[in-house]
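First the structure, in the form of structure tokens, and then the observations on it.
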Amino acid sequence: MTTTYPFEADSVDDALTAVGTPAVRIDGLDKISGAAQFVDDLDFGPDLLHGAVVESPHAYARIVSIDTSAAEAAPGVVKVITGEDFPYNFGMYMEDRYIFAQHHVRFVGEQVAGVIARTHRQAVRAAKLVEVEYEVLEPLLDPKEAVAEDAPLIHPNLGDYAHVPWFFPKADTNIAHWRKIRKGDTEKAFAEADYVLEDTYRVPRYAHCAIEPHVTVGKLDHAGRLTVWTASQSPHTQRHLFAEALAPLGFAHKDVRVITPYVGGGFGGKAGVSMEIIGAAMATAVKGHPVKLRFTREQEFYNTYQRQGVVAELKVGVMNNGTITAVEHKLYWDAGAYVEYGANVVNAAGLSATGPYRVPNISNDSLCVYTNLPPGGPYRGFGYSEFHFGLESHMDRIAEAIGMDPVDFRRKNAIVEGDELSYGGHMNPSGMIEAIDKTAAAIEWGVDEESKNPNTIMGKGVALFWKAPAMPPNASSASFLKFNEDGSVNVSVSGMELGQGYLTVMAQIAAEILGLPVEMVRVETPDTDRNPYEWQTVASHVTWSSGLAVEKAAIEARAKIFEVIHEVYGFEDETLYLEDQKVKCTTDPEFAKPLREFVIDGIQTDDGTWRGGPIIASGKFMPEFTNANSDPETGQGGHPNVHYTVGACGVLIEIDKETGRIWVRKAALAVDAGKAINPDLVKGQITGGLVQGLATVLYEDMRFDDDGRLMNPNFTDYKIPTSFDIPDEMIPIIVEVPQPDGPFGARGVGEHTMIAAAPVIANAVYNALGVRIKSMPITQEKIALAVTDRHHN
Amino acid sequence: MELSLNVNNEEWALDVAPADVLLDVLRERVGTKSPKIGCERGDCGSCTILIDGRSVRSCLVLAVEAEGHEITTVEGIGADHLSELQNLFISNNSFQCGFCAPGIVLSATELLARNPSPSRHDVQEALSGNLCRCTGYEPIIEAVLAAGERNEEVSA
């Protein structure tokens, strides 16, 4: 059974000239010459003020009093603001977050007050002079403790928060959302299964570590217009949340403007609204002045978003022939102090926690649990990276237990087109089998490797992955397109260039349809006043969604071109086509009208009058086939996900038998891009995502002390990969099974490339040493201890 | 105090405080924005500049220490025309977000000046102080190696 798609894009054409080529990035010159401007590089003139944040030293406390008088009297200070000035809450999916703390602080580093001064140094000094008296409360740092019946409540007013209809908060508990999936009869299936494996896996918190810190500059001008320059993945969503949160101050959406230049990496950390609301609020307090708030690297770690930790209790039943019959997956998410965005990570994981397998009986519980740690939120992989660690470790263990090869076991159970999904819909076309086979071949699966070094041992591992974009069902994209006098084109969109190559891909799509070289298309970063709507650049959805909007605009522009040619020369539309920046005609090989001759000025007719005029067009896309209306107790009935992207990963590692040190000798990753609009950029996502994922399993780890304070908020103590910390060889494999409703068949791949990295290492470590590590990261210490334990037992 | 700085072959006469950091002076007083603020403690390398041809983290240097030396940023490297290395970085789609790019261009430029045909290990070592979160380094390393191979061809 196949899914039917209400909208089908242009069919994939073999004669493509722009799409499918490794076009050079259109932002390459900007970035390599030093011309590229990030928010912190913009100049704002001599009246620029600087903000600093007064932060909570406690994970949970009641604010008794705040005395700002000493700070106000400090040199250079213009204004000090607190929660009393902004008693508003806001949030992406649930309005549980505050601009400044209201009565309580709920994590170490939470913003309690803001200081605005002439210089950055003055602001930081004055912030230390704000005196806050706290009544310290006992923090909850563990999600399993926070769900206990007698646990104190972190948000006693949870029941009052506005939220999207697909969240199910449990008032008077610390459970902000509980996504349930119930399908088939798991109890019966487990009873009838030949083999059942049950275990618990633990994944800690992680930091995005974009090299550019968050920066916001806000300005409320004397006419009452609020402009905010942000390093953001979500300019339109930010404008909307600024307008909503600050609505009591009298802002209409049209009076709020977000301008977002190049962004120095996002990975989810710059999605939605985090510190930007502080900068926007500060601007409203000092009318006429721009105010800059730039987070330090430390703040970047503890007061933006963090990847949530999870405790995953997993039970899987199989038959002796290798068929998976039941999955029960309980995910307890350490979602942090505010879950306005993170609760949707929990939701997405709950919908897909079977992994990319055909499973008839399912019981998933994904619980979003408040803790007194920094707010959780979106991070590349959006919940999938987290639960795949346990799931794909488990699959290897089951295969071994029933005597099956792990690759054969996965191949047998891998979800394919038409299979039923956990919420009742059907799987889209997918190249999973091809991805498995190509990955296995790339690492020579089945061939044992001998180490030449007597102190080391080799191991191989495989893991599969899948992920769907997690979006509101009506998340949409739009584009404007206009021709210039020379036949070049400007495309306006509001997706963000985070480094993934979005601008280039949009240019390639427009160029393909309009018969232009990619260099003739300019696509720039947005300004919400001028660029059309885009929900956000998250979920790996913009190639697909914004790509469709650009495709539609280009098709509309092409139709307008053909219309004027038809009017003047009489050729029928269906005989016309665009090639080499000219309009050509299948019935008249002599006809070749250069675009530059008429796309602005029009075409003069025999009587001296003109036809046509500036060619302008627009396009929009909204997935009209999705809905989030599902039964809260079973998760059945809706169509929450647009489609899944799938793939496979394999590694060859070498481990020092005594120290547990791991070298990744080879890593292959196959992802089904549907159609790689730019294969070079897809490969870039594969190498980048793989290395980011490998770091989460090999050494990255956020460490908190017993008081909830992050102990390693810097690159000295939270190590991210350097140029030495990469596999000796990376093998990117692009699979292309077209997405029926994608632009030229494309679907997103950006996040997916890091999802399998953690379990693939866990499986390779087991393959090499016979020890199974069930918590991340898989450090040298854990391996060495596990090996020692095994020797002793 | 008065300070004279040579930045990309231009002389600047500036009035600075003794504690002013070179990175801030370059960005705020000279207006050279390619050295970026990433960590302010020498970990990330996005503020890398060349001082007399040697790569230095400008967040760890006081402005007054740079007097009498030649400061080069990526704006100076490609002022007249892009270097061979820069062209290779572009054609190889080596960078993604580009925030680390100015620093990496400078570290790699220093390497190639010192060692015109570096090994893969040499390249990894030269870039090991410049963090990049996007690329997994591979496309960057490939471009630097390609620049080295071209140097070999020229000298052969």
Side-chain angles (χ1 to χ4, degrees), chain A residues 22-25 27-38 40-43 120 208-213 215 262-267 294 296-297 300 497-501 504 678 680-681 683-692 694 714-716 720-727 730, chain B residues 19 24 27-28 31-46 73-79 82-83 85-87 89-105 120-121 123-141:
Chain A
V24 169
R25 299 178 65 108
D27 54 351
L29 179 58
D30 275 4
K31 289 174 175 176
I32 218 68
S33 64
Q37 286 195 307
F38 300 82
D40 202 28
D41 301 336
L42 305 175
D43 284 312
H120 175 66
H208 306 76
C209 300
I211 310 298
E212 178 202 31
V215 189
Y262 282 126
V263 174
F267 314 109
R294 185 181 67 229
T296 62
R297 181 53 58 186
E300 197 64 19
E497 178 55 64
L498 308 171
Q500 79 282 50
T504 305
N678 186 323
D680 232 21
L681 299 182
K683 287 177 188 169
Q685 289 305 300
I686 291 174
T687 57
L690 247 177
V691 169
Q692 193 170 10
L694 290 171
N714 57 66
F715 289 143
T716 315
I720 68 170
T722 73
S723 50
F724 273 127
D725 306 313
I726 61 173
M730 286 191 266
Chain B
D24 297 333
R27 290 179 54 84
E28 303 305 326
T32 301
K33 301 292 180 81
S34 72
K36 307 297 184 201
I37 301 174
C39 71
E40 299 176 279
R41 52 183 274 158
D43 284 333
C44 76
S46 51
T73 68
V74 75
E75 289 94 337
I77 296 268
L82 296 181
S83 70
L85 175 67
Q86 285 175 303
N87 281 319
F89 276 143
I90 293 174
S91 62
N92 197 47
N93 287 326
S94 289
F95 289 97
Q96 292 187 23
C97 83
F99 195 76
C100 70
I104 287 186
V105 171
R120 183 179 168 91
H121 187 271
V123 176
Q124 285 178 293
E125 183 163 50
L127 302 183
S128 63
N130 292 85
L131 297 178
C132 166
R133 190 58 152 172
C134 299
T135 64
Y137 299 100
E138 194 60 45
I140 297 172
I141 295 169

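All chains are named by letter (A, B, ...) in the order of the sequence lines, taking the proteins before the strands, and each is independently numbered beginning at 1.
Ion pairing between a basic and an acidic side chain is recognised when a charged N comes within 4.0 Å of a carboxylate O; Asp43(A) and Lys33(B) show such pairing. Salt bridge status for Arg27(B) with Asp41(A): present, with a side-chain N to carboxylate O gap under 4.0 Å.
Between Phe99(B) and Phe38(A), the two ring planes are perpendicular [angle over 60°; tilted spans 30° to 60°].
For Thr135(B), the part lying near chain A is the backbone, with the side chain staying farther off; criterion is any non-hydrogen pair under 4.5 Å. Using a 4.5 Å cut-off between heavy atoms, Asn92(B) contacts chain A through its backbone alone, with no side-chain atom that close. Contact of Leu131(B) with chain A is made through backbone and side chain together, with heavy-atom distances under 4.5 Å. Interface residue Gln685(A): backbone and side-chain heavy atoms are both found under 4.5 Å from chain B. Within the 4.5 angstrom heavy-atom criterion, only backbone atoms of Val263(A) (N, CA, C, O) approach chain B. Heavy-atom distances place the backbone of Ala23(A), and not its side chain, under 4.5 Å from chain B. Using a 4.5 Å cut-off between heavy atoms, Ile37(B) touches chain A through backbone and side chain atoms alike. In this structure, the portions of Phe724(A) lying under 4.5 Å from any heavy atom of chain B include both its backbone and its side chain. For Ile141(B), the part lying under 4.5 angstrom from a heavy atom of chain A is the side chain only. In this structure, the portions of Glu75(B) lying under 4.5 Å from any heavy atom of chain A include both its backbone and its side chain.
Looking at Arg41(B) and Arg297(A), their side chains never come closer than 4.5 Å, going by heavy atoms from C-beta outward. Using a 4.5 Å heavy-atom cutoff, the side chains of Gln96(B) and Arg25(A) are in contact.
Interface check for chain B: of the options Gln500(A), Glu212(A), Glu497(A), the most heavy-atom pairs under 4.5 Å are formed by Glu212(A). Taking chain A as the reference chain and counting heavy-atom pairs below 4.5 Å, the highest number among Pro102(B), Ser128(B), Pro35(B) is found for Ser128(B). When Leu690(A), Asn714(A), Asn678(A) are compared by the number of non-hydrogen pairs under 4.5 Å with chain B, Asn714(A) comes out ahead. Interface check for chain A: of the options Cys39(B), Gly78(B), Ser34(B), the most heavy-atom pairs under 4.5 Å are formed by Cys39(B). For the set Gly501(A), Ser33(A), Gly265(A), the entry with the most heavy-atom pairs within less than 4.5 Å of chain B is Ser33(A). Per-residue counts of heavy-atom pairs under 4.5 Å with chain B were compared for Arg294(A), Glu300(A), Met730(A), Gln37(A); the largest is that of Arg294(A).
Scanning all heavy atoms of the two residues, the minimum distance from Leu498(A) to Cys97(B) falls at O-CB, 3.2 Å.
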